[in-house]
Amino acid sequence: MNKSDQTNEKIVMSSAGSRSVNLWQRGDLTTARTDWIAEEVPVALVYNGISHVVMMATPDNLALFAIGFSLSEGIINSPADIFGIDVVPVCNGMEVQIELSSRRFAGLKERRRSLAGRTGCGVCGVEQLNDVGRPVSPLPFTQSFDLTFLDAALGQMRQYQPIGELTGCTHAALWLNEQGEIMDGKEDIGRHVALDKMLGARARQGWHTGAALVSSRASYEMVQKSAQCGVEILFAVSAATSLAVEVAHRCNLTLVGFSRPGRATVYTHPRRLL
């Protein structure tokens, strides 16, 4: 590799979770052009000074990620259980320092687990197989959603993925109210992290009525996280896994896959849908 090639490989930091990079395309390997790639950094969640988990994530909306993760993992019951959040750049990544109430921190220490998060598998690194599929209280049947509202929300999903529009590399999670209006949406390279960021925004805003829409498949953990936060209806753009369907059926969550314009496959509890 000559000096010129080394210069062309230099990556320049950009804002909003993306970077510019020089690259080459098949058919012309002599001319470099500039394009964008999504940032992927280790993000450590540290509770009361003790590191709990490291996830690979897009480094934006990390305070919301911390709130959503804490809720969806059952570490807290509400954002009020968190007294403070500081996002601190550290060597090779980011650290989110979370101050929990004494009661919640004591509960966390009792069931603390160490895991290394991955964008593809949310259970990588759990210490015990019994940690997979922790029980979730059955959801009530208080929500309903008219499927005719779904198409408009699907058509607007890309507006909530500015990094994805640049890079083609992110998932999105949206919160829809009962009229199908998008209240907010978050994106990340990891579908679990995008969902946690959205759940954090939902909790901070106090939204309860409506449904979640994710741009990915519906894995077991996507269902588990949603149900843990009281979400009764989950729409996924792609398919659902067998364990996701089992968990959704058991905890009374309405799970819908293949959510596309004019199409929806309902796996569980269709009574909430109109």
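No continuous path of hydrophobic side-chain contacts links I50 to V46 [ILVMFWY only; heavy atoms under 4.5 Å]. The same ILVMFWY cluster, assembled from side-chain heavy atoms under 4.5 Å apart, contains both L150 and L174. L139 and V245 end up in the same hydrophobic cluster when Ile, Leu, Val, Met, Phe, Trp and Tyr side chains are linked at under 4.5 Å. Under the 4.5 Å side-chain heavy-atom criterion for ILVMFWY residues, no single connected hydrophobic cluster contains both L213 and L234. In the hydrophobic cluster analysis, where Ile, Leu, Val, Met, Phe, Trp and Tyr join through side-chain heavy atoms closer than 4.5 angstrom, F258 is grouped apart from L147.
Atom CG of N92 has 12 or fewer neighbouring heavy atoms from other residues, nucleotides or ligands inside a 6.0 Å radius.
The minimum heavy-atom distance between A173 and A194, with the atom names listed, is CB-O, 3.6 Å. When all heavy atoms of C229 and L71 are compared, the pair lying nearest together is SG-CB, 3.7 Å. Of all the heavy atoms in V41 and P59, the pair that sits closest is CG2-CB, 3.7 Å. Considering all non-hydrogen atoms of both residues, A153 and I182 come closest at O-CD1, 3.9 Å. R204 approaches P79 most closely through the heavy-atom pair N-CG, 4.4 Å. Annotation for W175 and H208: closest pair CZ2-O, 3.7 Å, computed over non-hydrogen atoms.
In this structure, R202 forms no cation-pi arrangement with W207, as its terminal cationic atom is not both closer than 6.0 Å to the ring centre and no more than 45° off the ring axis.
Side-chain N or O atoms of N48 include one that pairs as donor or acceptor with a backbone N or O of L100 at under 3.5 Å. Judged by distance alone, with hydrogens and angles left aside, the side-chain atoms of T170 form no donor-acceptor pair with the main-chain N or O of E187 at under 3.5 Å. Judged purely by atom type and a 3.5 angstrom limit, N22 has no side-chain atom pairing as donor or acceptor with the backbone of A32. Although no hydrogens or angles enter the test, the distance criterion places no donor-acceptor pair under 3.5 Å between the side chain of R191 and the main chain of V214. Between the side chain of D188 and the main chain of T58, a donor-acceptor pair closer than 3.5 Å is present. D81 places a side-chain N or O within 3.5 Å of a backbone atom of S78 that can act as its donor or acceptor partner.
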*asked:* What verdict does the side chain to side chain contact (heavy atoms under 4.5 Å, CB included) test give for D35 and S20, after you've listed the backbone C-alpha separation in whole Å, the side-chain angles of each residue and the deciding distance to 0.1 Å?
replied: CA-CA 6 Å; D35 207 338; S20 64; over 6 Å; no
*Verdict with reasoning, S144 to R272, per side-chain hydrogen bond (donor to acceptor under 3.5 Å, both in side chains)*: CA-CA 4 Å; S144 62; R272 293 189 179 93; over 6 Å; no
*Step by step, work out the side-chain hydrogen bond (donor to acceptor under 3.5 Å, both in side chains) result for T142 and E232.*
CA-CA 8 Å; T142 65; E232 296 185 29; 2.5 Å; yes
_Criterion side-chain hydrogen bond (donor to acceptor under 3.5 Å, both in side chains) on E99 and Q97, from CA distance to verdict_ = CA-CA 7 Å; E99 183 183 356; Q97 300 169 354; over 6 Å; no
*Could you go step by step and tell me if T148 and D146 meet the side-chain hydrogen bond (donor to acceptor under 3.5 Å, both in side chains) rule?*
CA-CA 5 Å; T148 59; D146 190 331; 2.7 Å; yes
*Do V223 and T241 pass the side chain to side chain contact (heavy atoms under 4.5 Å, CB included) test, and can you show the C-alpha distance, the side-chain angles, and the key distance before you say yes or no?*
CA-CA 10 Å; V223 171; T241 67; over 6 Å; no
*Under the side chain to side chain contact (heavy atoms under 4.5 Å, CB included) rule, what do T254 and I233 come out as? Steps first, then yes or no, please.*
CA-CA 5 Å; T254 296; I233 304 170; 4.2 Å; yes
*V266/L273 under side chain to side chain contact (heavy atoms under 4.5 Å, CB included): CA gap, chis, key distance, verdict*: CA-CA 9 Å; V266 184; L273 304 173; 3.6 Å; yes
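For the side chain to side chain donor-acceptor pair (under 3.5 Å) with S72, the qualifying choice from Q228, K225, E221 is K225, the only one to do so.
The CZ atom of R271 sits 12.5 Å away from atom CD of Q143, with the distance rounded to the nearest 0.5 Å. With rounding to the nearest 0.5 Å, the separation of OG in S215 from OH in Y160 is 14.0 Å. The line from CG of D196 to CG of L64 is 10.5 Å long, rounded to the nearest 0.5 Å. Here E246 contributes atom CD and L255 contributes atom CG; the two are 12.0 Å apart, rounded to the nearest 0.5 Å. For the atom pair CD1 of I75 and CZ of F69, the computed distance is 5.0 Å after rounding to the nearest 0.5 Å. Here the CE atom belonging to M157 is positioned 11.5 Å from the CD atom belonging to Q159, to the nearest 0.5 angstrom.
Inter-residue side-chain proximity for W24 and T31 is flagged as unmet; no heavy-atom pair is nearer than 4.5 Å. For the pair M222/L195, a side-chain contact is recorded, criterion being any heavy-atom separation below 4.5 Å from C-beta on. Side-chain atoms of I189 and H171, non-hydrogen and from C-beta on, never get closer than 4.5 Å to each other. Between I163 and D60 the shortest side-chain heavy-atom distance falls below 4.5 Å. Side-chain atoms of V43 and V96, non-hydrogen and from C-beta on, do get closer than 4.5 Å to each other. Between R158 and E165 the shortest side-chain heavy-atom distance falls below 4.5 Å. For the pair S216 and H192, the minimum side-chain heavy-atom distance is 4.5 Å or more. In this structure, the side chains of M94 and V88 stay at 4.5 Å or more apart for every pair of heavy atoms.
Y47 is linked by a ring pair (Phe, Tyr, Trp, His ring centres under 6.0 Å) to H52, counting only residues two or more places apart in sequence or in another chain. Every residue meeting the ring pair (Phe, Tyr, Trp, His ring centres under 6.0 Å) condition with F141, not counting sequence neighbours, appears here in chain and number order: H269. Not counting sequence neighbours, R26 has no partner by the salt bridge (charged side-chain N to carboxylate O under 4.0 Å, His left out) test.
Here D184 pairs with K186 in a salt bridge; the nearest charged N to carboxylate O distance falls below 4.0 Å.
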